[in-house]
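Reading through the structure tokens given below for one structure.
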Amino acid sequence: MKADLILARGVIRTLGRAGLQPHSHLAIAGGRVMAAGGSEVVGLKGPRTRMIDLGGAAVLPGFNDAHAHVVYYGLTRFGADLGGARSVADIAARLRVHGRALKKGEWQHGMGYRGDELAELRAPHRTELDLATGGRPAYIDERGGHSRVANTAALEAAGLMAPGADPPGGRIVRDRNGLPNGLLLESAMRLVADVEPPPRIDRREQGILAAQGLFLSRGVTSVGAAVNRGFADDLRAYQRLAEGAQLKMRVNGFLSWELLEAASGLGVRAAFGGPILRGGPIKVFVDGGAERVAMRSGGGVWRTAPDELRELVATATSAGLQVAAHAIGDGAIEAMCDAVEAAGGVALRHRVEHCTICPPDLQARLGRLRMVAVMQPLAARFGRVASALFFPARDRTHLAPHAPLLKAGVALAFSSDLPVTTDPNPWPGIRAATEDQVNGITLLQALRAYTYGGAFASFEEGFKGTLDPGMVADLQVYERDPLSEPSTTWDRLRPMAVLLGGARVYGSL
Ligand SMILES: [Zn+2]
């Protein structure tokens, strides 16, 4: 058998058996790596083989972003862009402009502000939104994804403009007169979300394509598509794109916990699906975000109480389904370990998403339970600064414990959590993980967490994640070798071309 494509005279790192040791040549046949090595690989050239002289360009496996909100990011394109807003007046002005293009009665959305970036250091009040939106229901999201503000019309649509109790795992923030001020935290966000019309499927598709363009431009060829709510429409949108050959990245689509019963009723199990699209883990929130993470020392919000979590993990495990649990604080991570241990779910690679504050006893338990830590390596940089607000000093030693987790035998997968991180470029995270003075890891470990790690998390490590022979030829090409460039320039790194299964999906070669 001869090769379809040979990449020659490059700096090719497989991140597999050879680690960071570069090869100069790579042969691809049938969408898979046939051989990686020196000039002897040219012997696989046949009459129809395409040869590309890389002229010193560098090749790495495509990145796998194991946790990113693909549809959510995509849908923000249709709302008002509130990213970088500096004041409540700034938000109102952007809503006013954006609202002009909307149809009568259509809900207005906006996304991307952060309360602590506003001059007022607080979320807008519903009446401040009303001034910009009038009687149109409007619902805006803070960038972290754990709080939102509704205007009066949206609160009325949800029947919330009356005294009432907070839902479990959430809070309706109220003025002194007992009326909601518009700010909804954690599970309370859903009270309004449940009454708004769901986005149309064509918008989901357009949103996915926009996200895909961004991912490919950053060298990401596989993505774990995280969800906050249970829309069957998400999977349908991905599938329609795949059928139309428009899906050019591999998607592991999470299923919200509300779909657990449906999924187990269908009989689908972990790793269900094909090479382009598969149904991924059951996503559940254990604790909240920011100052609402659940610590063993107390405090925080339990989006899912420990006994409910135990039941959910037991149900999923007996159905053969993997669970991806949002757990940031050590209390939440411990609850997930308890649940997995009780369910005997060791073979299912149950995942802890974020795993931000994880002390040694929990590191050891995650290792024993053969769980996967799906982390955002940038937490090693920003977390140490921001965490001063949220965590006592003694907890910060165990923040983003990448090295200790690997030592404890925990599989590590890296991710951006887009749009919480506004750019899914993996390089700043790789830099943060390697330069971290407390829990830093090697460059090879960081690169593997962004390639092999995500493949392992979705049971695909025998299929993708390295460029060893037999693996699918998902790869990215850089004009110059990133590893010979100073890490201070990595934030600006962009691949010149990206191949999926040996076929070009981005850039040019
Ligand atoms: Zn997330």
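Just follow the structure's listing: the first ligand is 1, and inside any ligand the first atom is 1.
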*Sorted by first residue and then second, give each ring-ring contact (aromatic ring centres under 6.0 Å, His included) pair with at least one member in residues 284-307; sequence neighbours left out.*
H146-F285, F285-H326
*Does atom CZ of R236 have more than 12 heavy-atom neighbours from other groups under 6.0 Å away?*
no
*Got a donor-acceptor contact below 3.5 angstrom from the T315 side chain to the E311 backbone?*
yes
*With a distance cut-off below 6.0 Å to the six-membered ring centre and an angular limit of 45° from the axis, does R218 pair with F215 as a cation-pi contact?*
no
*Is any protein N, O or S atom closer than 2.8 Å to the Zn ion (ligand 1), and if so, which?*
H67 NE2, H69 NE2, D417 OD1
*Over 60° means perpendicular and under 30° means parallel, so classify the ring planes of W107 and H109, tilted if in between.*
parallel
*May I ask you to say whether E334 pairs ionically with R296, meaning some side-chain N is under 4.0 Å from a carboxylate O?*
yes
